[in-house]
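Ligands are counted one by one from 1 in listed order, and the atoms in each one are counted from 1 as well. We use all heavy atoms of the structure for the numbers below, so side chains are in, but hydrogens, waters and symmetry mates are not.
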Amino acid sequence: MQTRTIDKTCMVVGAGMAGLLAARTLEQAGIRTTVFEEGRTVGGRMSTSRLGDGVFDDGAQFFTVRDDGFAALVDEWVQEGVVAEWSRGFARPDGVYNEDGHPRYYAVGGMAAVPAHIARGLEVRTGTRVAAIRESGSHWEVVIDGGTVESADAVIMTPPAQQSLAVVGAGDVRLAPSARAALEKIRFAPCISVMLVLDDSSGVPEPGAVQFSGQNGAGEPVWWLADNRRKGISTAAHAITIHGGPQFSAAHWDKTDDEVASVLIESAHHFVRSRVRSAMTRRWQHSQPVESHSESCLVAVETPPLVFAGDAFGGAKVEGAALSGLAAAEKVRRLLTTPRQCF
Ligand SMILES: Cc1cc2nc3c(=O)[nH]c(=O)nc-3n(C[C@H](O)[C@H](O)[C@H](O)COP(=O)(O)OP(=O)(O)OC[C@H]3O[C@@H](n4cnc5c(N)ncnc54)[C@H](O)[C@@H]3O)c2cc1C
């Protein structure tokens with residue numbers, strides 16, 4: 001990170017793509033930034049997990065690139081060996097490779113490698129849940145679970161909007177009605193993710209994933225299925241990830257893991273093909289936004305700055321989260337460094 005030139009500080013809540021890229025950008029601008037993350041590791045929905053010898057991407061599976069700024073970042077990650085192109089399309093439910101020429105990227109070793117890479121050199125406190133934020137004169141105070149209080153000149157909130165609203169509500173922050181209404185409108189779809197270690201090869205065709213989602217009700221009950229061995233991240237075991245569609249996931253949210261897994265396995269049995277040795281399930285209450293905010297971040301308070309960001313701002317998905325984090329950092333940088341005029 002660069003030498004500090006500005007005597008300003010920022011606290012970022014959430015160490016997913018949005019929070020980490022915001023923090024990295026602010027540090028590069030000379031603004032001392034601390035990231036608080038309630039999870040044990042960084043990454044949020046860029047998540048890689050293990051079951052026995054199996055390695056699974058259980059949240060985001062791949063990402064695409066449209067924006068030039070994001071493309072420049074991804075080029076760096078490719079040069080550094082963190083990400084690589086996976087394919088230019090995936091198999092359809094009939095098994096036929098549906099190539100459209102548009103690159104899909106994955107992270108070498110699993111998607112969690114990207115946030116881990118961005119977090120290097122940043123001050124990130126994992127296992128630290130922010131219970132509330134509150135205004136204190138020209139500063140913000142962040143109240144951490146357990147009661148510790150830290151203060152900074154600015155705050156960026158990156159959890160899903162309903163969780164962010166709970167945190168600001170706990171600190172009695174009075175948001176402008178328009179900002180509150182914009183945040184309350186944001187909605188996410190749930191997703192149940194099932195991970196299976198197989199005795200032998202799966203029947204997943206090249207390039208190692210089947211995309212069921214699409215028009216006309218496609219994507220229910222199975223939304224997506226990937227063979228993590230063919231993807232190159234599970235070298236020692238046949239490990240597949242199945243994602244339930246949003247309707248299936250909502251309807252089966254309270255069912256047991258065995259019930260959920262058996263429906264999804266049955267629905268995709270010709271791709272699973274081998275005996276299931278072990279299984280685990282993960283429930284994502286906020287998987288992907290279905291109602292987003294139209295701008296890349298939301299400045300709820302200018303002085304002291306309080307900015308909301310994440311994948312529900314502007315663009316959804318990994319790229320949208322990244323662009324939102326970058327946009328939030330730029331807003332904060334400007335608000336903290338532009339002299340305010342007195343009239
Ligand atoms: C099952 C699934 C499949 C997906 N597939 C794809 C895909 O293939 N391609 C794609 O582009 N996108 C995909 N996505 C979406 C993509 O993962 C997200 O858009 C992106 O990772 C969101 O990043 P973010 O930083 O906005 O939020 P997050 O990654 O959710 O980060 C927010 C962080 O805030 C933390 N947090 C929350 N509350 C607190 C608190 N009070 N205190 C401290 N920390 C807190 C959370 O633990 C989390 O780490 C998928 C998501 C899921 C769940």
Enumerate the atoms of ligand 1 whose separation from the nearest heavy atom of Gly44 is less than 4.0 angstrom.
29 (O), 48 (C), 49 (O)

Can you sort out which atoms of ligand 1 are near Arg129, meaning under 4.0 Å from one of its heavy atoms?
41 (N), 42 (N)

Salt bridge or not between Arg187 and Glu291? Use side-chain N to carboxylate O under 4.0 Å.
no

Nearest neighbour in protein (non-hydrogen) for atom 27 (O) of ligand 1
Arg45 NH2, 3.1 Å

closest protein heavy atom to atom 5 (N) of ligand 1 is Ala60 CA, 3.3 Å

Judging by distance only, is a nitrogen or oxygen of Ser287 under 3.5 angstrom from one on ligand 1?
no

In the protein, which heavy atom is nearest to atom 31 (O) of ligand 1, and how far is it?
Gly16 CA, 3.5 Å

Between Asp257 and Arg283, does any NZ, NE, NH1 or NH2 come within less than 4.0 Å of an OD or OE carboxylate oxygen?
yes

Under 4.0 Å from a heavy atom of Thr128: give me the atoms of ligand 1 that qualify, with their elements.
43 (C)

Thr126 vs Arg40 side-chain heavy atoms within contact, under 4.5 Å
no

Quick one: does Cys191 get a heavy atom under 4.0 Å from ligand 1?
yes

Ser201 and Arg229: side-chain donor and acceptor closer than 3.5 Å?
no

Which of the atoms in ligand 1, numbered in the order shown and given with their element, are less than 4.0 Å from a heavy-atom of Gln61?
5 (N), 6 (C), 7 (C), 8 (O)

Among all protein heavy atoms in this structure, tell me which lies nearest to atom 7 (C) of ligand 1, with the distance rounded to 0.1 Å.
Phe62 O, 3.4 Å

Looking only at protein heavy atoms, which one is nearest to atom 26 (O) of ligand 1, and what is the separation?
Asp311 N, 2.9 Å

Could you tell me if the ring centre of Trp253 sits under 6.0 Å from that of Phe248?
no

dist Arg88:CZ -> Glu99:CD (nearest 0.5 Å) comes out at 7.5 Å

Straight-line distance of Asp311 CG to Lys317 NZ, nearest 0.5 Å
10.5 Å

Is there any N or O on Lys317 that sits under 3.5 Å from an N or O of ligand 1?
yes

Please identify which atoms of ligand 1 are closer than 4.0 Å to at least one heavy atom of Val13.
40 (C), 42 (N), 43 (C)

Between CG on residue Asp58 and CE on residue Met111, distance to nearest 0.5 Å
11.0 Å

Is the Tyr105-Phe63 ring centre distance short of 6.0 angstrom?
yes

Does Phe36 approach ligand 1 within less than 4.0 angstrom via side chain, backbone, both or neither, non-hydrogen atoms only?
backbone

Are a donor atom and an acceptor atom from the side chains of Thr256 and Glu259 found within less than 3.5 Å of each other?
yes

Looking only at the side chains, is there a donor atom on one of Ser178 and Arg180 sitting less than 3.5 Å from an acceptor on the other?
no

Hey, is ligand 1 close enough to Thr158 that some N/O pair sits below 3.5 Å?
no

Has ligand 1 got any nitrogen or oxygen that is less than 3.5 angstrom from a nitrogen or oxygen of Val318?
yes

Pro159 N/O to ligand 1 N/O under 3.5 Å
no

CG of Leu122 to CG of Leu21, rounded to nearest 0.5 Å, is 9.0 Å

Protein heavy-atom partner closest to atom 41 (N) of ligand 1 - residue, atom, separation in Å:
Val130 O, 2.9 Å

Give me the residue, atom name and distance of the protein heavy atom closest to atom 34 (O) of ligand 1.
Gly14 CA, 3.2 Å

Short version for Glu319: what comes under 4.0 Å of ligand 1, heavy atoms counted, is neither

Is there a side-chain contact between His139 and Pro304, using heavy atoms and a 4.5 Å cut-off?
no

Quick test: of every protein heavy atom, which one is nearest to atom 35 (C) of ligand 1, and how far off is it to 0.1 Å?
Glu37 OE1, 3.3 Å

Using a strict 4.0 Å cut-off to heavy atoms of Gly310, name the atoms of ligand 1 that fall inside it.
26 (O)

Does one side chain, of Ser202 or His238, offer a donor that lies under 3.5 Å from an acceptor on the other?
no

Atoms of ligand 1 less than 4.0 Å from Gln163 heavy atoms?
37 (C), 38 (N)

Give a yes or no on whether a salt bridge exists between Glu295 and Lys331, defined as a side-chain N under 4.0 angstrom from a carboxylate O.
no

Check ligand 1 against Gly43 and write out every atom of the ligand that is under 4.0 Å from a heavy-atom position of the residue.
29 (O)

Quick one: does Ala18 get an N or O within less than 3.5 Å of an N or O on ligand 1?
yes

